[in-house]
Amino acid sequence: MAELSRDFTKVFLATPQTNQVIAVDAHSLSVEQRIAVGSLPGHVSMSGDGRYLAVMNEGDDSVSFVAPSSNAEIRRIRGFYRPHFARFS
């Protein structure tokens, strides 16, 4: 799955084969950063203000939160059963 940053400068791609989210420059299509997250990341969802990207890690029943400003995982919460989708309110 993929998600576009709120300012349309980055694309975030979940790659379950590598357990990473890849941050890609939307203009040049070059890889900015490979971000390690949990096992089998699937769906991704950007917060309304663009400060957080939620990553559903279905392989280890966790949700990672990535800061698009720094291209880094800032928190991982465990204890979900096969998280599949998130929506910010």
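Values in this document were obtained by computation on a predicted structure and should not be read as measured data. Both backbone and side-chain heavy atoms feed into the values below; hydrogens, waters and symmetry mates do not.
Of the inter-residue distances, the one linking Ile35 atom CD1 with Thr18 atom OG1 reads 11.0 Å to the nearest 0.5 angstrom. Between Ser45 atom OG and Leu53 atom CG the span is 7.5 Å, to the nearest 0.5 Å. In this structure, Thr9 OG1 and Asp25 CG are separated by 7.0 Å, a value rounded to the nearest 0.5 Å. One distance of note links CZ of Arg76 with CD1 of Ile74; it measures 12.5 Å at 0.5 Å rounding. Once rounded to the nearest 0.5 Å, the distance linking CZ of Phe88 with CE of Met46 reads 8.5 Å. Put simply, CG on Leu13 and CE on Met1 are 11.0 Å apart, with the number rounded to the nearest 0.5 Å.
Side-chain N or O atoms of Ser47 include one that pairs as donor or acceptor with a backbone N or O of Tyr52 at under 3.5 Å. When atom types are taken as modelled, the side chain of Thr15 and the backbone of Gln20 share a donor-acceptor pair closer than 3.5 angstrom.
Residue Ser62 comes nearest to Gly38 through the heavy atom pair OG-CA, 4.5 Å, listed as atom of the first residue, atom of the second, then distance. Nearest heavy-atom pair across Gly59 and Leu40 is N-CB, 3.6 Å. Between Gly42 and Ala14, the shortest heavy-atom contact is O-CB, 3.1 Å. Across every non-hydrogen atom of Val66 and Pro68, the tightest pair is O-CD, 3.2 Å.
Applying the side chain to side chain contact (heavy atoms under 4.5 Å, CB included) rule to Ala36 yields no partners; only residues at least two apart in sequence or on another chain are considered. In this structure, the side-chain hydrogen bond (donor to acceptor under 3.5 Å, both in side chains) partners of Glu32, at least two apart in sequence or on a different chain, are Asn71. Partners of Ser39 according to the side chain to side chain contact (heavy atoms under 4.5 Å, CB included) rule, which considers only residues two or more places apart in sequence or in another chain, are Asn19, Asp60. Annotation: side chain to side chain contact (heavy atoms under 4.5 Å, CB included) contacts of Arg82 (sequence neighbours excluded): Asp61.
Put simply, Ile77 and Val21 are part of two different groups of oily side chains (I, L, V, M, F, W, Y) that touch within less than 4.5 Å, one to the next. Follow the hydrophobic side-chain contacts under 4.5 Å out from Val37 and you reach Val44 in the same cluster.
The list of ring pair (Phe, Tyr, Trp, His ring centres under 6.0 Å) pairs with a residue in residues 60-84, not counting sequence neighbours, reads His43-His84. Judged as a salt bridge (charged side-chain N to carboxylate O under 4.0 Å, His left out), not a single pair has a partner in residues 37-51 (not counting sequence neighbours).
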